[in-house]
*Asks:* 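Got a structure here, written out as structure tokens. Questions coming.
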Number of protein chains: 2
Amino acid sequence: MTAANGELKKAGLKATLPRIKILEMLEKHSTPRHLSAEDIYKNLLVSGEDIGLATVYRVLTQFETAGLVVRHHFEGGHSVFELNEGEHHDHLVCLKCGKVEEFYDTTIEERQHAMAEKLGFELMDHSLYIYGNCKNFKNCEHFKKKLKAMA
Amino acid sequence: MTAANGELKKAGLKATLPRIKILEMLEKHSTPRHLSAEDIYKNLLVSGEDIGLATVYRVLTQFETAGLVVRHHFEGGHSVFELNEGEHHDHLVCLKCGKVEEFYDTTIEERQHAMAEKLGFELMDHSLYIYGNCKNFKNCEHFKKKLKAMA
DNA sequence: TTGATTGCAAAGAATTTGCACTGGG
DNA sequence: CCCAGTGCAAATTCTTTGCAATCAA
């Protein structure tokens with residue numbers, strides 16, 4: 001009776017094997033926390049799980065609807081998903097190695113509300129992605145991992 | 001000898017008919033300033049221009065590389081392009097009618113630099129999109145236009 | 001049992017690419 | 001004239017869907 005089991009029930013989703021495995025995969029991956037559907041699919045294969053890619057997409061969409069995960073559109077076409085731990089934050093993505101850092105800045109949040117207010121909008125959501133190069137990226141573990149993945 | 005002609009040359013691009021027409025289309029459309037490849041393609045067709053969709057994509061990508069336009073990824077899959085008028089700004093998008101407002105906030109820009117600095121990144125770029133509902137969207141011209149487009 | 005959930009393969013949407021043809025300089 | 005640029009159709013990439021088989025409650 002894994003923890004994922006209970007979380008799924010609480011979210012109103014039947015605790016099926018694919019859903020449990022996918023949720024555990026997201027919980028297990030503390031770094032990087034941000035995985036694409038493809039990442040998850042491949043990781044499951046490696047773990048010996050036989051779950052179709054279509055199912056991964058379906059389940060992630062259900063999780064997103066249920067508020068269990070948050071979907072992001074970083075540069076480069078595909079979506080990435082991260083476990084929703086409750087607190088909102090924005091992202092800083094390294095263009096060289098793909099490393100993702102999270103941050104939260106009260107001032108930025110406030111100013112965004114102020115802008116929406118000023119322009120006559122009711123703010124519903126926002127996405128802020130900062131792109132850059134992490135200093136000394138060549139020695140960064142993410143960069144090494146990326147190189148290895150390309151080989 | 002249109003203005004677009006000179007701008008293309010200045011950008012190091014041969015002044016061909018498709019490029020001129022696409023650039024003029026972007027310059028003409030002051031509102032909305034943000035057009036998808038499909039939008040541009042359709043508008044050109046209506047104007048009686050016989051330019052392929054693939055060419056529109058190719059040309060827009062060239063324009064982006066040349067710095068003539070900026071590409072954005074708003075929610076909903078497809079990219080939109082806007083003429084690069086020099087000054088950076090962020091966007092507020094209405095989820096109901098698609099209206100896009102631009103804004104610039106010095107404080108937000110500063111805080112972003114501070115965040116990048118703090119996390120050890122060299123800032124290269126950023127994208128900030130605020131999503132909301134424009135007040136009284138039902139009477140908003142964009143909303144009416146959207147309804148008409150659906151009919 | 002029985003409706004919800006999956007897997008697979010096929011469909012879609014957005015964008016890119018290969019290649020023979022055309023047009024700008 | 002000659003190569004960059006274009007149109008078209010085919011290919012890619014990421015994601016969604018239809019449907020018969022399977023599973024959780």
Side-chain angles (χ1 to χ4, degrees), chain A residues 1-2 4-25 34-45 47-66 68-81 98, chain B residues 1-2 4-25 34-42 44-45 47-66 68-81:
Chain A
M1 195 53 46
T2 136
N5 200 313
E7 293 168 48
L8 286 170
K9 297 252 178 67
K10 203 185 306 173
L13 295 168
K14 194 188 284 186
T16 65
L17 200 85
R19 299 216 262 236
I20 292 170
K21 291 302 176 187
I22 291 170
L23 185 50
E24 287 179 346
M25 176 70 43
H34 304 75
L35 303 173
S36 68
E38 192 79 29
D39 290 336
I40 293 173
Y41 172 65
K42 283 184 186 157
N43 286 338
L44 288 170
L45 279 189
S47 309
E49 302 297 337
D50 190 22
I51 299 176
L53 179 55
T55 299
V56 173
Y57 275 107
R58 257 183 308 225
V59 168
L60 286 171
T61 302
Q62 293 158 355
F63 282 5
E64 185 189 15
T65 304
L68 289 175
V69 305
V70 179
R71 182 195 301 248
H72 295 287
H73 305 278
F74 292 161
E75 281 192 351
H78 60 306
S79 302
V80 296
F81 301 82
Chain B
M1 195 52 48
T2 137
N5 199 311
E7 292 167 50
L8 286 170
K9 297 251 179 66
K10 203 186 307 174
L13 295 168
K14 194 189 282 185
T16 65
L17 200 85
R19 299 216 262 237
I20 292 170
K21 292 301 177 188
I22 292 171
L23 186 50
E24 287 179 346
M25 175 70 45
H34 305 77
L35 302 172
S36 67
E38 193 79 27
D39 290 336
I40 293 173
Y41 173 65
K42 283 183 186 156
L44 288 170
L45 279 188
S47 309
E49 302 297 337
D50 189 21
I51 297 176
L53 179 55
T55 299
V56 173
Y57 274 108
R58 257 184 308 227
V59 167
L60 285 171
T61 302
Q62 292 157 356
F63 282 6
E64 186 189 14
T65 304
L68 289 174
V69 306
V70 180
R71 182 194 303 247
H72 295 288
H73 305 278
F74 292 161
E75 281 191 352
H78 60 305
S79 303
V80 296
F81 300 82

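Just so we're on the same page: letters track the sequence lines, and every chain starts at 1. What's counted below: heavy atoms across the whole structure, side chains too, no hydrogens, waters or symmetry copies.
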*Asks:* Starting at atom CG of A:D50, determine the distance to atom P of D:dA21, rounded to an integer number of angstrom.
*Replies:* 18 Å
*Asks:* So does A:N43 get a backbone contact from the side chain of A:S47, meaning a donor-acceptor N/O pair under 3.5 Å?
*Replies:* yes
*Asks:* From OH of B:Y41 over to C1' of D:dG7, roughly how many Å is that when rounded to an integer?
*Replies:* 10 Å
*Asks:* Output the rounded distance in Å from CG (A:L60) to P (C:dT5).
*Replies:* 15 Å
*Asks:* Taking only N and O in the side chain of B:S79, is any of them less than 4.0 Å away from OP1 or OP2 of C:dA14?
*Replies:* no
*Asks:* Check this one for me: any side-chain N or O of B:T55 less than 4.0 Å away from OP1 or OP2 of D:dG5?
*Replies:* no
*Asks:* Would you please confirm or rule out a distance under 4.0 Å between OP1 or OP2 of D:dT15 and any side-chain N or O of A:Y57?
*Replies:* yes
*Asks:* Using a heavy-atom cut-off of 4.0 Å across all strands, would you classify B:A37 as base, sugar-phosphate, or nothing?
*Replies:* nothing
*Asks:* Closest-nucleotide mapping onto DNA chain C: is A:L13 or B:A54 further toward the 5' terminus? I mean the 5' end.
*Replies:* A:L13
*Asks:* In terms of side-chain heavy atoms of A:P18, which of C:dA4, C:dT6, D:dG5 is nearest?
*Replies:* C:dT6
*Asks:* Between atom NZ in B:K21 and atom P in D:dG5, what is the gap in whole Å?
*Replies:* 19 Å
*Asks:* In whole angstroms, how far is the C1' atom of C:dT15 from the CD atom of B:Q62?
*Replies:* 14 Å
*Asks:* Look at all strands and tell whether A:L17 reaches a base, only sugar-phosphate, or nothing, counting heavy atoms closer than 4.0 Å.
*Replies:* nothing
*Asks:* Roughly how many Å is it from CG in B:L53 to C1' in D:dG7, rounded to a whole number?
*Replies:* 11 Å
*Asks:* Could you give the NE2-to-P distance, from B:H78 to D:dT13, as a whole number of Å?
*Replies:* 22 Å
*Asks:* Hey, does the side chain of B:R19 reach the backbone of B:V59 with a donor-acceptor pair shorter than 3.5 angstrom?
*Replies:* no
*Asks:* Heavy atoms only: give me the nearest A:T55-A:P18 pair and the separation to one decimal.
*Replies:* CG2-CB, 4.0 Å
*Asks:* Measure across A:L8 and A:A15 and return the closest heavy-atom pair with its distance rounded to 0.1 Å.
*Replies:* CD1-CA, 4.1 Å
*Asks:* I want to verify a distance call: between D:dA4, D:dA25, D:dC19, whose nearest atom is closest to the A:R58 side chain?
*Replies:* D:dC19
*Asks:* Can you tell me whether the side chain of B:R19 and the base of C:dG23 have a donor-acceptor pair closer than 3.5 Å?
*Replies:* no
*Asks:* Which heavy atom in A:L60 sits nearest to a heavy atom in A:V69, and how many Å separate them?
*Replies:* O-CG2, 3.8 Å
*Asks:* Rounded to whole Å, how long is the line connecting atom CD1 of B:I51 with atom P of D:dC8?
*Replies:* 11 Å
